[in-house]
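Okay, so here's the structure we're looking at.
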Amino acid sequence: MELVVMLLGLILSATGIVLFAWAMFRLAVFALPVGLGAAAFLWAGGGELGPLLGLLLGLVVGVAVLLIGRMLIASRLPVPLRGAIALLFAVPAGIAGGSVVSSLMQLGGAGPTATGIAAAVGAIIIAGAAMMSLLPAMTACTGSNGSPLHG
């Protein structure tokens, strides 16, 4: 009976880790809109607008940043400009990913050197994953060589 419980615990733990990593990679691209929405909420909620209007403003700002960013990335702007816009989304994703990896390493009892190295590698990987999730929108209106499609 104990073996079954241990095996079930191992399977559930591994499943949880995989789901957490998947969610981190999929949701990292939303770090910029969520961060700006949270900043707008804190700014407005601490002022005269109050928490309810602050929440509404934060939601509007977050959704607007996400939609405007996606539209600019999918537009017919030059590829370097669209890449710079995608980089604006990837950098906060990398920072958030590095922070999560650093926290998990500290939780596991790793030393400061190992934590720093793992956080840097995790930040680069997660920022790359965020860029890769934006890549289909970037290549939607350009050919494989980066030139605009005509038609």
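Side-chain atoms are counted along with the backbone in the values below, which use heavy atoms only and exclude waters and symmetry mates. All residue numbers refer to positions in the sequence shown, counting from 1.
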Compile the donor-acceptor pairs under 3.5 Å between side chains in residues 4-24 and protein atoms, sequence neighbours left out, one pair per line.
{"unit_1": "Ser13", "atom_1": "OG", "unit_2": "Gly9", "atom_2": "O", "d": "2.8"}
{"unit_1": "Thr15", "atom_1": "OG1", "unit_2": "Ile11", "atom_2": "O", "d": "2.8"}

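- Hydrophobic clustering (side-chain heavy atoms under 4.5 Å, transitive across Ile, Leu, Val, Met, Phe, Trp, Tyr) keeps Leu49 apart from Leu59.
- Here the side chains of Arg70 and Val29 are in contact, with some heavy-atom distance below 4.5 Å.
- Taking all atoms of both residues into account, the shortest heavy-atom contact from Gly54 to Ala44 is CA-CB, 3.7 Å.
- Using modelled atom types, one side-chain atom of Ser75 and one backbone atom of Leu72 make a donor-acceptor pair closer than 3.5 Å.
- Looking only at distances, no side-chain donor or acceptor of Ser99 sits under 3.5 Å from a matching main-chain atom of Ile95.
- Both Phe89 and Val34 are part of a single hydrophobic cluster, where members link through side-chain heavy atoms under 4.5 Å apart.
- Pairing each heavy atom of Arg82 with each of Leu77, the nearest pair is NE-O, 3.0 Å.
- Here the closest heavy-atom approach between residue Ala90 and residue Ala130 is recorded as CA-CB, 4.2 Å.
- Between Leu32 atom CG and Ile85 atom CD1 the span is 11.5 Å, to the nearest 0.5 Å.
- To the nearest 0.5 Å, the span separating CD1 on Ile73 from CG on Leu87 amounts to 10.0 Å.
- Here Leu53 contributes atom CG and Glu48 contributes atom CD; the two are 12.0 Å apart, rounded to the nearest 0.5 Å.
- Under the 4.5 Å side-chain heavy-atom criterion for ILVMFWY residues, no single connected hydrophobic cluster contains both Val63 and Phe41.
- Follow the hydrophobic side-chain contacts under 4.5 Å out from Ile124 and you never reach Met132; the two are in separate clusters.
- Nearest heavy atom pair, residue Ala127 against residue Gly94, reads CB-CA, 3.8 Å.
- Atom CG in Leu27 sits 11.0 Å away from atom CD1 in Ile126 (nearest 0.5 Å).
- For the pair Ala119 and Ser102, the tightest heavy-atom approach, listed with the atom from each and the gap, is CB-CB, 3.8 Å.
- A chain of hydrophobic side-chain contacts below 4.5 Å, direct or via other Ile, Leu, Val, Met, Phe, Trp or Tyr residues, connects Val100 to Val121.
- Phe25 has its side chain within reach of Ile125: a pair of non-hydrogen atoms, C-beta onward, lies under 4.5 Å apart.
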